[in-house]
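Fair warning: this is a prediction, and the values are worked out from it, not measured in the lab. Count residues from 1 along the sequence.
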Amino acid sequence: MFASPSAFVFLILAALYESWSLPFSVLLSVPVAVVGAFLGLWVRGFALDVYGQIGLVMLIGLAAKNAILIVEFAKDALERGSRWWTPPSRARASACGRS
């Protein structure tokens, strides 16, 4: 009868972003980072010892933090009226009053 921790994280992020679709980008970035770390360990021939496990825990935290910051930045930019296809130089020029 216990729910998985990722379900709780999803519900917390859904409440934070007030959206059901935005938390998926955060939750899907962490497994990609972990698979990349395992692939790097396997290619280099390193063992998954205590140092590797500590590195994986830190990687999970940093990947989640980075994904949350990117999603929040993109959400704020969309709320201000910016679009994803606007070049940064044009966005800065329009913010300064130049066109």
Side-chain angles (χ1 to χ4, degrees):
M1 293 290 178
F2 295 109
S4 67
S6 60
F8 288 120
V9 171
F10 175 79
L11 291 175
I12 289 171
L13 288 172
L16 175 69
Y17 297 134
E18 297 175 351
S19 169
W20 290 105
S21 60
L22 283 177
F24 286 116
S25 59
V26 175
L27 290 176
L28 292 177
S29 68
V30 175
V32 170
V34 170
V35 167
F38 276 126
L39 187 67
L41 285 172
W42 178 71
V43 167
R44 296 290 307 254
F46 292 149
L48 186 62
D49 55 355
V50 172
Y51 296 115
Q53 292 173 3
I54 291 172
L56 281 173
V57 170
M58 285 187 5
L59 179 72
I60 290 169
L62 289 174
K65 175 187 169 193
N66 198 18
I68 288 170
L69 289 175
I70 290 171
V71 167
E72 285 182 1
F73 178 77
K75 183 181 175 201
D76 288 342
L78 283 175
E79 287 175 354
R80 284 194 314 264
S82 175
R83 295 290 178 240
W84 64 271
W85 61 83
T86 305
S89 59
R90 184 172 294 184
R92 281 192 298 266
S94 66
C96 294
R98 295 182 238 149
S99 293

Report whether [X] and [Y] are members of the same hydrophobic cluster (ILVMFWY, side-chain heavy atoms less than 4.5 Å apart, transitive linking).
{"X": "L11", "Y": "L27", "answer": "yes"}
{"X": "L22", "Y": "V9", "answer": "yes"}
{"X": "I68", "Y": "I60", "answer": "no"}
{"X": "L69", "Y": "V32", "answer": "no"}
{"X": "V71", "Y": "W20", "answer": "yes"}

- Note, L13 side chain near F24 side chain (heavy atom, < 4.5 Å):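 No, side chains not in contact.
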Which atom pair, heavy atoms only, marks the closest approach of [X] to [Y]?
{"X": "S29", "Y": "A67", "answer": "OG-CB, 3.2 Å"}
{"X": "L16", "Y": "E72", "answer": "CD2-OE2, 4.0 Å"}
{"X": "V26", "Y": "A64", "answer": "CG1-O, 4.3 Å"}

- Query: From Y51 OH over to L56 CG, what is the distance, rounded to the nearest 0.5 angstrom?
  - Reply: 15.0 Å
- Query: For K75, does the NZ atom have more than 12 heavy-atom neighbours from other residues, nucleotides or ligands under 6.0 Å away?
  - Reply: yes
- Message: Could you check whether atom CD of E79 has more than 12 heavy atoms from other residues, nucleotides or ligands sitting under 6.0 Å from it?
- Response: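 Count over threshold, so yes.
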